[in-house]
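Here the structure comes first, spelled out in structure tokens, and everything after it is commentary.
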Amino acid sequence: MSGAGAEGNGADLLQGQQPAPPCAPPRTPPRNLPRQRWTFTESHPAEAAALAKAARLPLVLAELLVARGVVQPAEAFAFLNPELAHLHDPQLMLGMNPAVARLEQAIARREPVLLYGDYDVDGATAVVLLKTAIEMLGGIVRFHVPHRLHEGYGLQSSVLEAACAEGVRLVITVDTGMRAFAEAETARRLGLDLIITDHHLLETGERVPPALAILNPNQPACGYPEKFLCGAAIAMKLAQALLEGRDRQRTREKTLPSFLKMAALATIADAVPLKGENRVVAALGLRELRRPAGVGLRALFAAAALDPTARPLTGFDVAFRLAPRINAAGRMDVASDVIELFTTRDPARAAELAAKLERLNHERRETEAAALAVIEAHLASGSELAAELASDRLLVVDGIGWHRGVIGILASRVVERTAKPAIVVSVVEGVAHGSGRSVDGFHLLNAIESCADLFTRFGGHAFAVGFALPAVALPELKRRLRLYAEEHLAAREPERLLRIHAELPLNRITPVLAGWLRKLEPFGHGNPEPVFVARRARLLSPPRILKERHLRLELAQESVQPPPLPGTSGALRALGWDLAARSASLGLAQGTLIDLAYRIRENTHPEYGGLEAEIAGIELA
């Protein structure tokens, strides 16, 4: 399932400012945020120095690579310079041969093939990839993407029965199916051949559904090297193997680079680790997205106010500008619009569909904001409920009629606001639908499994869960979860962790170093954007407060003598989102020495552009 982003990051404060990373700034004014605690990545100075010398890299870049497990010069070169040859052979995946053979048979016989997808970015783009590949070879494709509210996640027997009645004999799932045991039995009873392509993890010893073929690197006995592909990437592997059977050279040189666009969108949006083959898919796909050939992609870029020909796309652009618009279809309406958008050749229809996604995303934000305002009011008021929530270590917040398409996003917002695990529940017609998000060190699925007898359905993993139960059982759920959290989080105070990746004094920031660091992109899960710390940086002028919330500083290292004037060589601008209150609490003034946690940013404004720091944290030196 996809991780969704947010838009509108306040970057208009400084024209030309590059977008902030996903963790900043908050969308609502912060109130009483939990304290921030800095943690430091374990350093390996000897290994980093050896790598820097052998590969001729800046030392800080070598430190970041070693922290990512890259220690040999050849590994470093491959990491910093991903290329098509680094992709694994799809034939290494268990089940690929029978899957391709059955697809070839369906194409030759002109049998209609049903693609059964999912309603997020990963599931929709996976359908697009396989549909395109099969139709390139003359096959007949139908697809079904379930409605989030009316059908829910996963394969449905009723859809299989309807497809069988319409002459379908081959069904391929994408981004779903690993737990569809009953539906696989339905397919067998109906005489349907079932191919499951999915990436969701299996529990140790868990059996797999009966199917003609299963493509999932995580299934037992599968030797495929990359275990963390998203659903669309697995679909791309099947499409690649199918097309290479006809024309290997053309597939490698022409088709595969084009398919990487869709796979990159899904890889970044689904928050799989951007390491190994996933990094190659994301990096090469972003590169290909600079030249969007399809009218659908161009229309989506226009709706998101992105011009990939003017500025290279980043992982942030995908996760927090494109993915929310794509996901809005499945959250607020039907995801089949996304598939039509990416497959139509009609520019007018593409523009119409992109405008619809923009409208749905606007509705999603308004719906989310309205519910979030209610939740914020609960948390901030002096009521008995607010006091109860303040003492709870796991928050359960419920409302009547909240849109089920946004309750997962709302849970994430509450976690950001409180640094506590949070579950948001929408009660509709006597049924309570919940979605939860967790924090490091608290296994949320284990928590709700302790209440398994209350649910009509539930699922998830350590950091995210979803469930449904009768609304009358909601008070009991709250009671049990409160007791569970008190036992398992008793010694833990809520805090926001900021991971520092390396020490980098401000006077070592140069355009050349910034260029080297850009080679670490794309950033995302498993390959975080570096956060540096500069010790004993001096404020060259009084803090400047922007829009009553944000903070702008002029800084230089204490060691730079004499101190430079603000705006001159040796001085560095720094912008901090929602840090005005932090500045006041620390008493920052001209001459104050601070320890600064920051990310490097590049301001492209023609008059006052250049390298800047985005503040991630401030402590007095």
Side-chain angles (χ1 to χ4, degrees), residues 1 4 6 27-29 31 119-120 146-153 324 327-334 359-418 420-438 444 447-448 451-460 464-485:
M1 303 291 287
R27 297 184 55 164
T28 56
R31 291 190 293 272
Y119 39 68
D120 64 358
H147 192 287
R148 178 189 291 264
L149 303 187
H150 301 156
E151 297 176 81
Y153 172 76
N327 275 328
R331 292 186 185 282
M332 310 301 290
D333 195 18
V334 290
R359 174 177 57 80
L360 290 172
N361 191 47
H362 182 72
E363 291 178 9
R364 187 269 305 170
R365 285 185 292 181
E366 287 189 333
T367 301
E368 175 192 330
L372 188 59
V374 174
I375 293 172
E376 286 280 350
H378 285 329
L379 295 173
S381 71
S383 66
E384 181 178 339
L385 173 61
E388 184 178 282
L389 290 172
S391 64
D392 285 349
R393 296 186 177 275
L394 185 159
L395 302 181
V396 181
V397 185
D398 61 283
I400 303 296
W402 287 343
H403 197 292
R404 284 160 53 195
V406 302
I407 57 176
I409 301 175
L410 291 172
S412 296
R413 299 281 182 254
V414 177
V415 173
E416 292 169 6
R417 162 78 167 78
T418 64
K420 296 179 179 180
I423 293 172
V424 175
V425 179
S426 173
V427 179
V428 179
E429 297 180 350
V431 179
H433 302 272
S435 185
R437 300 294 183 268
S438 195
L444 192 54
I448 70 164
C451 314
D453 60 297
L454 299 179
F455 301 117
T456 55
R457 59 180 178 83
F458 71 93
V465 299
F467 59 78
L469 76 165
V472 293
L474 192 53
E476 176 64 11
L477 175 67
K478 291 181 179 180
R479 186 190 71 82
R480 292 194 200 178
L481 288 178
R482 184 178 297 115
L483 293 174
Y484 185 94

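Residues Pro470 and Thr456 come closest through the heavy atom pair CD-CG2, 4.1 Å. When all heavy atoms of Ile407 and Ser435 are compared, the pair lying nearest together is CG1-CB, 3.7 Å. Between Ala328 and Leu360, the closest heavy-atom pair is CB-C, 3.9 Å. Val415 and Ser438 make their closest contact through CG1-O, 4.0 Å (heavy atoms, listed as atom of the first residue, atom of the second, distance). Of all the heavy atoms in Val427 and Ala471, the pair that sits closest is CG1-CB, 3.8 Å.
Going from atom OG1 of Thr418 over to atom CG of Leu379 covers 7.0 Å, rounded to the nearest 0.5 Å. The CD atom of Glu476 lies 4.0 Å from the CZ atom of Arg479; values are rounded to the nearest 0.5 Å. Leu410 contributes atom CG, which lies 14.0 Å from atom CZ of Arg417 (distance to the nearest 0.5 angstrom). Atom CG of residue Leu469 and atom CG of residue Asp453 lie 10.0 Å apart, to the nearest 0.5 angstrom. Rounding to the nearest 0.5 Å places CG of Leu477 at 13.0 Å from OH of Tyr484. The line from CZ of Arg365 to CG of Leu372 is 14.0 Å long, rounded to the nearest 0.5 Å.
Contact of the Ile448 side chain with the Phe455 side chain is registered, since non-hydrogen atoms from C-beta on lie closer than 4.5 Å. Contact check for Leu454 versus Arg480: side-chain heavy atoms found under the 4.5 Å cut-off. Considering only heavy atoms from C-beta on, Asp333 stays 4.5 Å or farther from Glu363 through its side chain. Between Val414 and Arg437, the closest side-chain pair of non-hydrogen atoms is not below 4.5 Å. In this structure, Thr367 and Met332 have side chains that are in contact, with non-hydrogen atoms separated by less than 4.5 Å. Side-chain contact between Leu444 and Leu394: present, with at least one pair of heavy atoms (C-beta onward) separated by less than 4.5 Å.
Salt-bridge annotation for Glu376 and Arg413: absent, with no side-chain N of the basic residue lying under 4.0 Å from a carboxylate O of the acidic one.
Panel note: side chain Ser426, backbone His433; no donor-acceptor pair is recorded below 3.5 Å.
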- Stepwise side-chain contact (heavy atoms from CB on, under 4.5 Å) check, Arg364 with Ile409: CA-CA 10 Å; Arg364 187 269 305 170; Ile409 301 175; 3.8 Å; yes
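With Asp392 as the partner, the side-chain hydrogen bond (donor to acceptor under 3.5 Å, both in side chains) test is satisfied by one option alone out of Lys420, Arg482, Lys478: Arg482.
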